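All values reported here derive from a predicted model rather than from experimental measurement. Letters go in sequence order (proteins before strands), and every chain restarts at 1.
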There are 2 protein chains.
Amino acid sequence: MARYGPEHKGATRRRMIETAGRRFKSDGIDGSGIATLVADAGLTNGAFYGHFASKDDLVAAVVTQQLEDQVARVDALPAGLASVETFLREYLSPAHRDDLAGGCPSAALLDEIGRRDDATKHAYTDGARSMIDAIARHLDDGDAQLARERAIGLFTLVVGALQAARAITDATLSDGILAATYTNAMTIAAASQRSAAPSDQESR
Amino acid sequence: MARYGPEHKGATRRRMIETAGRRFKSDGIDGSGIATLVADAGLTNGAFYGHFASKDDLVAAVVTQQLEDQVARVDALPAGLASVETFLREYLSPAHRDDLAGGCPSAALLDEIGRRDDATKHAYTDGARSMIDAIARHLDDGDAQLARERAIGLFTLVVGALQAARAITDATLSDGILAATYTNAMTIAAASQRSAAPSDQESR
DNA sequence: ACTGTACGATTATGATCGTAATGCTATAGT
DNA sequence: ACTATAGCATTACGATCATAATCGTACAGT
């Protein structure tokens with residue numbers, strides 16, 4: 001007795017998560033109101049709470065989706081260091097820097113995610129773990145622990161660098177950060193043998 | 001004919017910038033309202049626009065101040081790689097991760113700064129440049145260009161890592177990221193000789 | 001063809017947003 | 001001692017916030 005076919009509601013929900021992802025990444029989470037978010041999906045205010053319990057609920061769903069998409073892209077890369085290099089070139093390109101809405105969710109939202117509720121941070125935790133594993137698979141040359149360490153390094157390095165490149169108005173400096181980050185990323189990715197980290201670092 | 005001595009207004013302004021810095025870093029810029037910001041400084045709404053032309057004006061002043069403070073702290077470190085290690089241990093400590101308000105402004109605000117007006121981004125640009133230079137001075141072993149590249153790497157790496165550690169709820173993974181980042185930072189800081197970055201990266 | 005209902009539109013809530021006009025008052029200069 | 005004013009408080013503006021109740025309507029099952 002429904003007004004639409006059995007797929008409509010799910011499709012609308014997916015569309016909202018998709019458009020909200022773009023809006024969050026370009027305007028921030030706090031900076032995006034419900035009215036704007038639903039309008040982006042071609043709806044109005046009233047449609048929202050039929051799909052999500054709250055804005056926080058949407059945020060958590062968006063974070064999950066965004067990270068899953070990105071992990072899938074990394075997983076789809078052919079094995080080997082060469083494809084990592086290709087990925088990094090694209091990630092660290094001026095085009096990516098200038099594309100907020102379509103870009104990396106971590107670069108666009110990471111510090112804001114750290115301030116949100118536990119459901120959102122938990123969604124991010126799961127996504128980040130998958131991402132680290134996915135990157136590590138491309139770096140593993142026998143030492144899984146080392147590959148994981150490098151993967152964490154690559155991930156955090158490029159996220160921080162992209163954020164910095166976006167916050168810096170001077171084109172030369174911004175471009176320079178992207179270029180330098182490529183070199184630094186390769187240093188981490190290819191670090192053959194390294195001394196272990198000091199183990200006495202307190203871990204509350 | 002003034003109600004207060006000639007120092008009062010400047011002192012109040014400085015206090016507002018200081019308390020607003022803490023508030024921004026813990027609640028975000030978008031997440032901090034004028035009423036809260038002035039209340040933190042022991043004042044009420046009406047006092048605000050006597051000191052700042054707008055919220056954006058305050059934000060730019062806060063960014064400048066926060067970065068200057070941090071640069072001063074780096075400059076105050078004794079020369080040599082050892083003091084860089086000490087700084088990194090503190091930066092990558094769980095204590096710093098858990099101290100939003102008193103911590104690194106870049107880790108707390110960088111992606112939000114990228115979305116703000118040009119005055120704020122310009123303030124950040126100046127601060128970041130000074131920070132890169134300050135770090136590079138500690139890494140310079142003859143090759144200034146290489147030192148600068150490494151400095152960019154250290155900076156963006158630890159900022160990204162601290163953000164990630166804060167967004168991740170799992171204590172083991174969060175601590176692991178901090179620990180891995182120390183190792184990765186040392187890899188970048190000590191990378192002796194490296195191949196140059198590819199020069200064909202487009203630079204729009 | 002009829003009807004029940006699911007989906008989304010409309011409208012409203014109270015809170016909070018950034019900004020600003022106005023009011024008060026304690027003191028510094030005369 | 002008097003007064004002008006600097007610094008802040010009070011109050012208010014319209015806009016927008018997240019959330020929600022109500023309403024309309026197009027289609028699915030009968």
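Rounded to whole Å, the distance from CD1 on Ile34(B) to P on dC8(D) is 16 Å. In this structure, CE of Met16(A) is placed 12 Å from C1' of dG8(C), rounded to the nearest angstrom. The CG-P distance, from Asp27(A) to dT16(D), rounds to 14 Å in whole Å. Rounded to whole angstrom, the span from the CG atom of Leu43(B) across to the P atom of dT25(C) amounts to 18 Å. With rounding to whole Å, His51(A) atom NE2 is found 12 Å from dA9(C) atom C1'. Atoms CZ (Phe52(B)) and C1' (dC8(D)) sit 14 Å apart, rounded to a whole Å. With rounding to whole Å, Phe48(A) atom CZ is found 18 Å from dT11(C) atom C1'. Atom CG of Leu58(B) and atom C1' of dC17(C) are 15 Å apart (whole Å).
Look at Lys25(B) and Glu112(B) and you find no salt bridge, because none of the NZ, NE, NH1 or NH2 atoms lies under 4.0 Å from a carboxylate O. For Arg97(A) and Asp175(A), the salt-bridge test passes: some basic side-chain N is under 4.0 Å from an acidic carboxylate O. Contact check on Asp111(B) versus Arg115(B) returns a salt bridge, with a Lys/Arg side-chain nitrogen under 4.0 Å from an Asp/Glu carboxylate oxygen. For the pair Arg137(A) and Asp75(A), the salt-bridge criterion is met [side-chain N within less than 4.0 Å of a carboxylate O].
At dA18(D), none of the side-chain N or O atoms of Ser54(A) fall inside 4.0 Å of OP1 or OP2 (strictly under the cut-off). Dashed line: the shortest gap from a side-chain N or O of Tyr49(A) to OP1 or OP2 of dA20(D) is not under 4.0 Å.
Formation of a donor-acceptor pair under 3.5 Å by the Arg13(B) side chain with backbone atoms of His51(B) is found in this model.
For Asn45(A) and dT10(C), a side-chain-to-base donor-acceptor distance below 3.5 Å is absent, hydrogens and geometry of angles not being considered.
Considering only side-chain atoms of Ala47(B), the nucleotide from dT10(D), dC8(D), dA18(D) that sits closest is dC8(D). Distance from the side chain of Thr44(B) is smallest to dA9(D) among dA9(D), dA9(C), dT19(C).
Both Ser32(A) and Gly46(A) lie near DNA chain D, and the one whose nearest nucleotide falls closer to the 5' end is Ser32(A).
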